[in-house]
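Notes to accompany the following structure.
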Amino acid sequence: MTYALEISALEKTYGGVRALDGIDLQVEQGDFFALLGPNGAGKSTTLGIVSSLVNKTAGRVRIFGHDIDTELSAAKMHLGVVPQEFNFNQFEKVIDIVVTQAGYYGIPRGQALVNADALLHELGLWDKRDVPSRMLSGGMKRRLMIARALVHKPRLLILDEPTAGVDIELRRSMWGFLEAMNRQGTTIILTTHYLEEAEALCRNIAIIDKGRILQNTSKRALLRQLQVETFILDPDTPLAVAPVLAGFDVRCDADGHLEVDVPKGRPINTLFHELDKAGVQVNSMRTKANRLEELFVRLVESNSQTGGGQ
Amino acid sequence: MNRSALWTAFATIVIREIRRFTRIWPQTMVPPAVTMTLYFIIFGSLIGSRIGEMEGFDYMSFIVPGLIMMSVITNSYANVVSSFFSMKFQRSVEELLVSPVPNAVILAGYVAGGVARGIGVGLIVTLLSLAFTQLQIHNLPLMVLTVVLTAILFSLGGFINALLATKFDDISIVPTFVLTPLTYLGGVFYSIQLLPEFWQGVSMVNPILYMVNAFRFGILGISDVNVYLSLIMIFAFIVLLSAVALVMLGRGKGIRH
């Protein structure tokens, strides 16, 4: 099977510092994939090598079967890149930035204008097409980079922190746009610090730390690793002391809410049974935190304690 | 990429470059016109009338080819070095690096942009010179060939400078400390026959002397050096600098980590 992206034994050394320590990664065609990791873990370096912005020290990278060492041009034709930082000419107009990028892929100007018009409409930038890019808001600049990355209709789209600094409404609309792109067949790889973003969008996730892949599996399998899930219950009357519920760890917060740890595999009905027995009436309940975040923190902390990548 | 796609990519870079220097024409096209007009007035008309003839031509006619060539050299170099370095500085060069455009096409596109500005400014200076003197054309093909090859050569120089530069200061060092002295000492304002024998010998190692003289031969039919040797030298330097630029691009010098 041809992977959208296949990385093997990828290494990168910056002046003696090992930034990537033998990365292996496969991303299937049509996947929505997240590459997660703390700052300096090697996410941007990995994606930089894939997009030819960083020279690798060793290893192989294939994009839709095309090796970047031997078929670089063919590999790049399939790739669209949305970098973390704004990297367009601040003095050029929005439409010129997108159309020029299409030209770099050999798309004639007439077709480039058609593609650019459609994307600018879709991303809500049509009204700004003749505005110099420096005049755009932060959110518009992010959308401009997405339009630019998609103008040649790539099969693999890489987004490095696509929603950093974007307000919630715009973030949600960008999620919708990316989900639609993915449904149409575009393979998407993203890095993000918003783990709820990865949890909401991605099917498969790799966690990288200190230049090594700690986990590379499906989101579902990753979340199954959580042994405990914490729920916050809003009792009818605020409680000062946590009730004793057999088989559950229960705490009381300052507002009189209950925090209950539910062990993995234990039916949640038993929690309500115990609450009934204790005479606690509950108005509402919610999960305490982003589940992926809990797991992420646990994995990275565990890697630090075992001295991974040293 | 097939041939048609390569051509589209090349044309895209060239159009983008031409659009850039024409958008900022008060910075790119007007200053050389003003400077050269001052040269024509001061050195040509005011001082030149007291100098008399140089190599059988009035002084104004003698310096016009050199001043046109000086404009072509400085503008072709400046266009590429400032454009490519500002792309590096703004990181918009990444637009090109992630795309499938081969390095040779990137280089050719930027060089063509530099040639376009160099020749554009050269034409403006030529038109201005007509207000001060009558231009005769001794050998049009030679004149055109020399000016195009020289613009290519200095565009390549500007490209290499931009790859090596890490800050804005670095893009003015070569024009200020290398190009300007070599141009002034390259026979723009005088014939090297006026120099003592030792300094004539020293002048012969200045490559700009050959370009200015080849161009002057194309216009006036006089030269201090062998014109064919000039063309061979320019061509050899083009091959050398193209190879250097392509190797640097291939290694990602100054543009990839």
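Just so we're on the same page: letters track the sequence lines, and every chain starts at 1. For the numbers below, each heavy atom of this structure counts, side chains included, while hydrogens, waters and symmetry mates do not.
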Using a heavy-atom distance cut-off of less than 4.5 Å, which residues of residues 143-162 of chain B contact chain A? none
Using a cut-off of 6.0 Å, state whether more than 12 heavy atoms not belonging to A:Phe86 lie near its atom CZ. yes
Kindly check if the number of other-residue, nucleotide or ligand heavy atoms within 6.0 Å of CZ (B:Phe10) is above 12? yes
Per-residue contact mode, A:Ile107 against chain B (heavy atom under 4.5 angstrom): backbone
Can you name the nearest heavy-atom pair linking A:Met77 to B:Pro100, along with the distance? SD-CG, 3.2 Å
Specify which of A:Leu53, A:Val54, A:Val99, A:Val81 makes the most heavy-atom pairs with chain B at under 4.5 Å. A:Leu53
Chain A: which of B:Val93, B:Ile15, B:Leu96 shares the most heavy-atom pairs with it under 4.5 Å? B:Leu96
Under 3.5 Å, which donor-acceptor pairs link chain B and chain A? Put them in a table for me, please.
from     : atom 1 : to       : atom 2 : distance (Å)
B:Arg16  : NE     : A:Glu92  : OE2    : 3.2
B:Arg16  : NE     : A:Tyr104 : OH     : 3.4
B:Arg16  : NH2    : A:Glu92  : OE2    : 3.3
B:Gln90  : OE1    : A:Gln90  : N      : 2.8
B:Arg91  : NH1    : A:Glu85  : OE1    : 2.9
B:Glu94  : OE1    : A:Asn87  : ND2    : 2.9
B:Glu95  : O      : A:Gln101 : NE2    : 3.2
B:Glu95  : OE2    : A:Arg148 : NH1    : 2.8
B:Leu97  : O      : A:Lys76  : NZ     : 2.8
B:Ser99  : O      : A:Lys76  : NZ     : 3.1
B:Arg251 : O      : A:Asn55  : ND2    : 3.1
B:Arg256 : NE     : A:Ser52  : O      : 2.5
B:His257 : O      : A:Lys12  : NZ     : 3.4
B:His257 : O      : A:Asn55  : N      : 3.0

